[in-house]
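Following: one structure in structure tokens, then a few remarks.
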Amino acid sequence: DAHEGERGRDGEVKIIYWQAPSIMNPYLSGGTKDIEAASLVLEPLARYDENGTMVPFLATEIPTVENGGVSEDLQSITWTIDPDVTWSDGTAVTARDVQFTFEYCTAEGGGCAQGAKFGNVESVEIIDDKTVKVNFDGPAPNPYQAFVGQESPIIQAAQFAECLGPRAPECTDANFQPIGTGPFVVTDFRVNDVIQFAANESYRVPNKPAFATVTLKGGGDATAAGRAVLETGEFDYAWNLQLAPDVIASMAEAGQGTPVSAFGTLVERIEMNLTNPSPDVPEGERSTVAAPHPFLSDPAVREALSIAIDRDLLVEIGYGQAGRPTCNLVPAPVLYASDNTACLTQDIDRANALLDEAGYMDTDGDGVRETPDGLPLSILYQTSTNAVRQDFQALIKEWWTEIGVETELRNIDGSVFFGGDPGSPDTFQRFYADVEMYANNFPGTDPQAYLGAYLCDNIPSPDTQWQGENINRFCDPEYDALWAEMAATADLDERGRIGKQLNDMVTKDSNVIVPLVDRGRVSAHSNTLGGVILNTWDSELWNVADWYRIGDNR
Amino acid sequence: MPDGALPVLDVRDLKTVFKTRAGEVHAVNDVSFSLKPGELLGVVGESGSGKSVTMMSLLGLLPSPPADVRGGTVAFDGKDLLKVDRETLRSVRGGKIGFVFQDPMTSLNPVFTVGQQIAEPLRKHMGMNKKQAAARSQELLELVGIPDAKRRLADYPHQFSGGMRQRVMIAIALACDPQVLIADEPTTALDVTIQAQILELMKELRSKLGMAVIWITHDLGVIAGIADRVIVMYGGQIAEHAPVRELFGNPQHPYTRALLKTIPTIHGERAARLTVIEGQPPLMVGPPVACPFRDRCDVAFERCTRENPPRYDVGPGHDAACFYDANTGAPRDA
Amino acid sequence: MLTYTLRRLLMSIPTLLFIAFVIFMLLELAPGDPMASMPLTIPPEVKQQMREALGLGQPWYVRFPLWLNQFFIVEPQYWFDNTFGTNFADGAQRIISFQSRAPVFDVIAERIPQTLWVVGMSYVVGVLIALPIGIISAYKQYSVFDQSGTFITMIGFSIPPFFTGPLLIVIFAVQLDWLPSIYDTTHQVVDWETFKFQMWQMVLPVMVLALQTTAQIARYMRASMLDNLGQDYVRTARAKGLTESVVVMKHVLRNSMIPVITVIALGIPSIFGGAIITEQVFKVNGLGQLLILALQGSDIPMVMTITFLLAVLIVLMNLIADVLYGVFDPRIRYD
Amino acid sequence: MTKRAPQASADNLLPAGDPVAPAPAPARNQWWDVWDQFKTHKGALIGLGFLIFITLFVLIGPLLWDVDPTKTDIRNKDYRPIYTALWDSSAKTGWHKPLGSDNLGRDILANMMQGGRISLAVGWTAMILAVFLGTLIGVMAGYFRRLDGLLMRFTDLVLALPLLPLLLVMMLLFRDPLRAAFGPENGIFILIVIGIGITSWMQTARIVRGDVMALKEREFVLAARSIGTPARRMITRHLLPNVLSPIMVSATLGLATAIITESALSFLGLGFPPDFATWGKILNDSVPRMVQFPERVILPGLAISLTVLSVNYIGDGLRDALDPRIRGH
Amino acid sequence: MLDDPKEPLVSVRDLKMHFPIYKGLFRRRAGEVKAVDGVSFDVMEGETLGLVGESGCGKSTCGRAVLRLYDITSGAISIDGKEIGNTAQSKLRTMRPTMQMVFQDPQASLNPRMTVEAIIKEPLDEHTKLSEKEKRDKVGELMDAVGLNRKFAKRYPHAFSGGQRQRIGIARALALNPKFIVCDEPIAALDVSIQAQVVNLLEDLQEQFGLTYLFISHDLSMVRHIATRVAVMYLGKIVELAPREALYADPLHPYTQALLSAVPEPDPSLASRTERIILKGDVPSPSNPPEGCNFCTRCPAVMDICKRIEPDYREVKPGHFTACHLYNDPNDTAEFTAGHEAKKSTNKERVT
Ligand SMILES: Nc1ncnc2c1ncn2[C@@H]1O[C@H](COP(=O)(O)OP(=O)(O)OP(=O)(O)O)[C@@H](O)[C@H]1O
Ligand SMILES: Nc1ncnc2c1ncn2[C@@H]1O[C@H](COP(=O)(O)OP(=O)(O)OP(=O)(O)O)[C@@H](O)[C@H]1O
Ligand SMILES: [Mg+2]
Ligand SMILES: [Mg+2]
């Protein structure tokens, strides 16, 4: 077979990330680009494969209740470290490293980006050199949070010993060139620019990786990245080509590379504001539960808005093979995916009928319906700046016009929209608009925390500095109760059932969230690059050790 | 002044026009004169009468377009300067004919030292090296009476006063021992006391170096003190040409006479009222068909508006372009 | 001259401090958040902790003096320590980027070479193209060359780089496959071959950037040449018998360059900050790209430091422009 | 004294010196003279022609071609301009989409008109604002010695300010009040125009200041002072008309910069609402599809460039025409 | 005119105008250009005081300072009975109509972007409340007065010859019926044939409107023609002031003598006969004048005392003022004159 041979036989592989990685330590930056770059070097105990199945990496096996790795009461999980694994400096990986990783992320003042992963971890105990036990502060139905997946890899205790808490940022060398167990080691790190790696001579799998060096270039835009792989062949792999499908298709015609896609849990959705964002409402009550929305609080309106949308067309325009219409907040894994398809067919007539029934008529003949109080159905529709989103806005605006709803569009720079600045009126949490559109997903395969966003407690308000994930201001005691039940359930099927029910409550039943597209990922690799398996559950570069050069077997 | 000697410079029927939007300006019309070795020829005339253009035409210094030297010959050194190739012309410029311009304030390049500017023609025409040129520059500065010459070579023009700058200009013009020096209003911009200094210097240099000089000015006083022969220009033509005493003593052209009358003096009778030459200078658009001075002339008659008068001999070395004979008080015959 | 320079330098200190303050307050007021680039999967309370770890919990009147101290005292100490092996800084906190947690100055130092290579080079190229165009245009005023030169430079000026950049890429990198579309910042020039490669990869970005420079400088050059061609000293030079090339290229040019040099000097700060789009298009990750990423990521220390350095450059270039005027024009003497 | 020779020669060129020269009829407005001179500048005439054309195109065009520029029409997306049919008969063209349609089927002709309206409006107003500010500050700094240091330092300050955060802060502070007062579109228009205007006056200010400083030393200013002209009229009557030509140059460059900056802003998400086309934005959005649909970048690119060029030439012509010395008689 | 001394219309006492020079790191005032350094004179009603001197000696500065176009360093100026030496510029505005100025360079002193009418009308706009029509009439009258065709009102300055431009400047100065006009080298930039026209015009206007002139010039022959009394300036100071005839016939100060002798004589027969005093060297810098008498560096009759003590400016003969050590003792003029004659013969270069 062509891709067998000694380590480093295939020379260099060039990867382009149009968002440039700025740090190699996932604990200091939660940014996807940084985490993925780090995943070439740092590895967790276990990670997910392309199907979302957990596979052991540094651990010998996945601990379960069955094999005794997870305690019966779900209060602890015990991992055994693969004895073959060594750090790239040749020293052995020990239980202390695992324990240190926990200490590192939970140290006071460190601002660890993965704090949530360790939220329910009470302590990490060293059983022996290669065995480590994680104790939870209560029963943990999903014990595979800490040390699993690309976000919480193991870092070397020796290297980071001096970098706890507030001192974390001072360890520039460690943050840029961490010692890891992965197939590559960093040889040169340039902030927001380019990272160079060389094969890890102590990598546990013999003859891997096939490439001697990796160049990971950052910066630019998705178009240029796609062009570099698909058209000019200057690069071997381009990450996350957020481009219109026709653009990708025409680039692919050049024949230098192939776009690949895979689906995960990322859903592009419209969120409805259940509270009144009007500037006429006094500040302090604006967009809070104190002021319910004049018409979006009516489920009929929300449903009408939802079914007026032609999701197929949105997919065709915006994502092509990297998207599929969805009505679910949790589109995957199968266990949690509800069979909810009601919204998939656009039905303008029914939407009109719904509005008519609910008493929203166009009384003054300007083409815009009014509420029974005479308030026009006029919607401010905001989203972040992004070509596809702007196309969506244009299309949706038109459909909504057809059902007598007037729409004003607004796009906001992503750094403001997704920023949590409590002083800015333009953050998605503050939600000074009637509807807004963005995409979100959850890490790993368990949606419990994700669904927990819609609890009454999580409503952002001036009191919480507008922090909180329940941005629709949805509040249903039934939902809260059901979620609590899920949090206490360990049985997977049962969890699946509750998950689906929760999903339906916020989507199908109430249309508080209007899912649009289940967004997959499109990346592209050169036709000479073999072994690429696109994985949306973990780092895209998760199996870089298996990559090889096709037809080039020196 | 050696009367019979061959002229160093002989200009015949020089004609220069400027192409402008308003039409062709005939700035110089059939101007002829000659310059004998060692002699100082004064050129006077009011502003715009074509004095500068005449001199610049000789050396091809006018920008073309708009200027166009239409005809005539300029015999110098056995060649016609209007026909020679550019290289020869350049070797004459600054080499055999030196030029001093009117305004010492702007005629020197402000960003080069005086030394560099004097050395330039030396290196170009005499093939001197840097050192020789520097030594010669110093000599030249001393020659024109600038004290502390060696140090001042390194100074920039702005560090010199107007009078000194004009001396530097003269030094540049003299650099290559020219046979002819053309000085275009070299003292107009200067104060009387400084002007007196320069005039003195000029007399001294001429006796020392024995070159021929053309001195343009519109100050008759300067002419009276320095020139051997004088040309009076008006409207692009030579109105009168005479030895200096002859001109002042026996002016033949009405313009010369008017000019002599307009200027007040510090000696003699103080006029109650200054005499004025009424009217405006001619436009010179289109070729001359009549006497350019006719509109302002007090003796003009019908013929003056029809014909352009040729230069009539009125005495030894004295001619005037006028149909009116001042001696007889009557028109000349056709 | 020296005292003049010193005086101007001294005077610029309060100005710069004030500029620093204004920039700081502007960034403070601006609605960005360094956490915006974090995935939404990170819960708000974790984000809040991260913010605090970055020091964002402190009010501005604590953070601004802190930054001043770091910029003016700690960083020079570090630099000194590094050069002379002393230990003045004594582990004091340097200015740390929010995004990368790297000392801001180290990142900037890393970017300077490629900025100079590409942006600097493009400026040089632009100027080198502009000067002859300006000179010839003026010397042959209203000629075909002059007219078409004006036309082309104006076109160049009016087309935005986000159009010319991709256009050139499509033509030269995709269709013709002559030049790379992505700049390799790790490339080391060691021999002729690598030098050639370096030149190749610089061609496109340099072309795009130079287009902008050329248009402006050429116009200034032309105007300045026209001013000087009509001066009396040009006639003097001709009367000395100098050849036309010496007259124009020595006498006229030297004088015409004086105002143009100051224009060139004043343009330098804007090219450092203004090459953002071109850097982005060709992935020349220079200072412009660093700044835009920092802006998008609300990396306040980075933005603050880079913009302040640009401000220093602006003030400095103003000064240099004035001093150059004095150097090139002997009539001007500062004292 | 030094000016004497050229001045004297100019005199003789002009019939003014000649008392018999016919004086211009008093009824004739001096703007006719300006126009006469302007006419002699070929570039300026062509420029004016194009500017009138493009202005009519964006103003009257939508009346004649009343297609809603924001109307999407997926079935008719990706049409090529009608002229493509000349060399490529298989191209998807149609008379109902004369310049083709974009990826959502929006009509490009309608968008070009709509975009042109906004681009031109932004360009002109922002440029006028910038030129106004630049002139004001330049004149103040140049004329009042005491203000000079302060104003020039202020200029440095504004030069140093990063545009992006500045605009973000402006958005933050003023968007909602302006939106309430002028409506969403006009509000954002005002904001953008002001944003561009207040960040692009510095070059003008520097140039104007230099020129004013030089003018201040001219004798006619002294003459005006001897008459007792107060500072305000000294500026409006004597200084401003004489710094017209550098201002004109800044203005032409400023128009280009404003149009381009606006598009860069849309690119950064700070511009107009997404359903609001501008030339810059059309250009920007089409860059990824440049190979398949070159017209989508070329049309707006050409529109921007030609507008800028024609304004530049008009500026040249006007500068000459407004200068009585060049205008002649 | 000489015989009936009138009241002084303008009286200047110890006028100083120093332009500061700033130096050093903090722009400390390091010295000054003493452009005018203690000048006193009177201008009688209806007379013309000529002010002559070399370029850079401070004539223009003096003229401008008298009109308070500068903020003067010190001194007293009274015009028409009003003290304006240290009146604020804003208050001076109302005084402007009495005092006007005609400038040296007719090209530079006219705004190239204003029509002739606008230029002449400007003072009317500023100081009168006339209607547009009245103003236009007045402009017409003024144009008549200075001999400009009314038809030219709408033209721009560039379309005129130098002499015509100077007429425009004069018309502007006349617009407000001033009493006192400073003419700052009004003919220096003009061609000889035109100079006479302007001078004649000035004389006519003086007669017609009873004007008083301060006539600045470096053309001694023209000053002799127009001035009633003449003041000679050298390096910021008046070195001699006398009635015209007295000055030209019997110049006292060595500088005046040199100046007069340097004037080229347009009569070749006279030219060769007059003796020339050729001064050596250049005028010292006004920022660093020599100690003692300002003229001591170039003076052909220099004495020791000249290099130490500044001579007083005093009346040596009736109406004839000078500042020279040669005439130090007013009681013994004769002796000094003799001494001076002696010096003259030894020290100066004789040219024939
Ligand atoms: N570049 C030019 N374009 C058009 N006409 C010109 C040009 N240069 C000179 N002239 C014309 O040529 C004529 C002669 O000018 P010239 O400079 O020779 O006069 P001049 O006698 O030297 O006067 P001055 O005493 O002022 O130096 C003038 O009428 C002038 O208008
Ligand atoms: N604004 C100023 N600042 C500094 N120095 C000045 C200023 N104006 C004039 N001077 C200096 O004052 C001195 C006198 O100048 P002024 O113009 O009064 O001379 P002038 O006698 O009128 O000379 P000219 O005959 O050349 O007009 C000169 O040395 C000049 O450099
Ligand atoms: Mg001349
Ligand atoms: Mg003067």
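Residue numbers start from 1 in every chain, and the chains themselves are labelled A, B, ... in the order their sequence lines are given, proteins ahead of strands. None of the values given here were measured: they were computed from a predicted structure.
The choice from A/G110, A/C112, A/A228 that makes the most heavy-atom pairs within less than 4.5 Å of chain C is A/C112. With respect to chain A, the highest number of heavy-atom pairs below 4.5 Å among C/Q99, C/Q114, C/E110 belongs to C/E110. When each of A/R190, A/M24, A/Q467 is checked for heavy-atom pairs under 4.5 Å with chain C, A/R190 comes out on top. In terms of heavy-atom pairs under 4.5 Å with chain A, the best-connected choice from C/L290, C/V107, C/L295 is C/V107. Among the candidates A/F235, A/F176, A/F442, the residue making the largest number of heavy-atom pairs closer than 4.5 Å to chain C is A/F176. When each of A/T172, A/D193, A/V416 is scored by its heavy-atom pairs under 4.5 Å with chain C, the top score falls to A/D193. Note on C/Q48, C/R111, C/Q289: by heavy-atom pairs under 4.5 Å with chain A, the leading option is C/R111. For chain A, the option among C/A53, C/S97, C/P180, C/S100 with the highest count of heavy-atom pairs below 4.5 Å is C/S100. The residue among C/L54, C/D106, C/I42 with the most heavy atom pairs within less than 4.5 Å of chain A is C/I42.
A distance of 6.0 Å or more separates the ring centres of C/F105 and C/W79. The distance between the ring centers of C/F71 and C/W67 falls below 6.0 angstrom.
A/A254 does not touch chain C: none of its heavy atoms, backbone or side chain, sits under 4.5 Å away. In this structure, the portions of A/P443 lying under 4.5 Å from any heavy atom of chain C include both its backbone and its side chain. Heavy atoms closer than 4.5 Å to chain A are found in the side chain of C/I169, but not in its backbone. With a threshold of 4.5 angstrom between heavy atoms, C/E52 does not approach chain A through any atom at all. Contact annotation for A/F428: only side-chain heavy atoms (C-beta onward) come within less than 4.5 Å of a heavy atom of chain C. Neither the backbone nor the side chain of A/Q256 comes within less than 4.5 Å of any heavy atom in chain C. Heavy atoms of A/F189 lying under 4.5 Å from chain C belong exclusively to its backbone. Only the side chain of A/I16 comes within contact range of chain C, judged by heavy atoms closer than 4.5 Å.
Ring orientation note: the planes of A/F417 and A/Y438 are nearly perpendicular, at an angle over 60° on the 30°/60° scale. Ring-plane geometry between C/F80 and C/F84 is classed as tilted, the angle between the planes lying from 30 to 60 degrees on a 0 to 90 degree scale. Using bins of under 30°, 30° to 60° and over 60° for the plane-to-plane angle, the ring pair A/F118/A/Y27 lands in the tilted bin. A parallel orientation is assigned to the rings of A/W239 and A/Y17, their planes being inclined by less than 30° (bins at 30° and 60°).
A/K217 and A/E12 are not joined by a salt bridge, as no carboxylate oxygen comes within less than 4.0 angstrom of a charged side-chain nitrogen. Ionic pairing of C/R63 and C/E28 is present here: one or more N-O contacts between side-chain nitrogen and carboxylate oxygen are shorter than 4.0 angstrom. Looking at A/E234 and A/K14, no side-chain N of the basic residue comes within less than 4.0 Å of a carboxylate O on the acidic one, giving no salt bridge.
Side chain of A/N458 to main chain of A/Y454: no donor-acceptor pair is present (N/O by atom type, distance under 3.5 Å, no hydrogens or angles).
In the model, A/E151 has no side-chain atom that pairs as donor or acceptor with a side-chain atom of A/Q114 under 3.5 Å.
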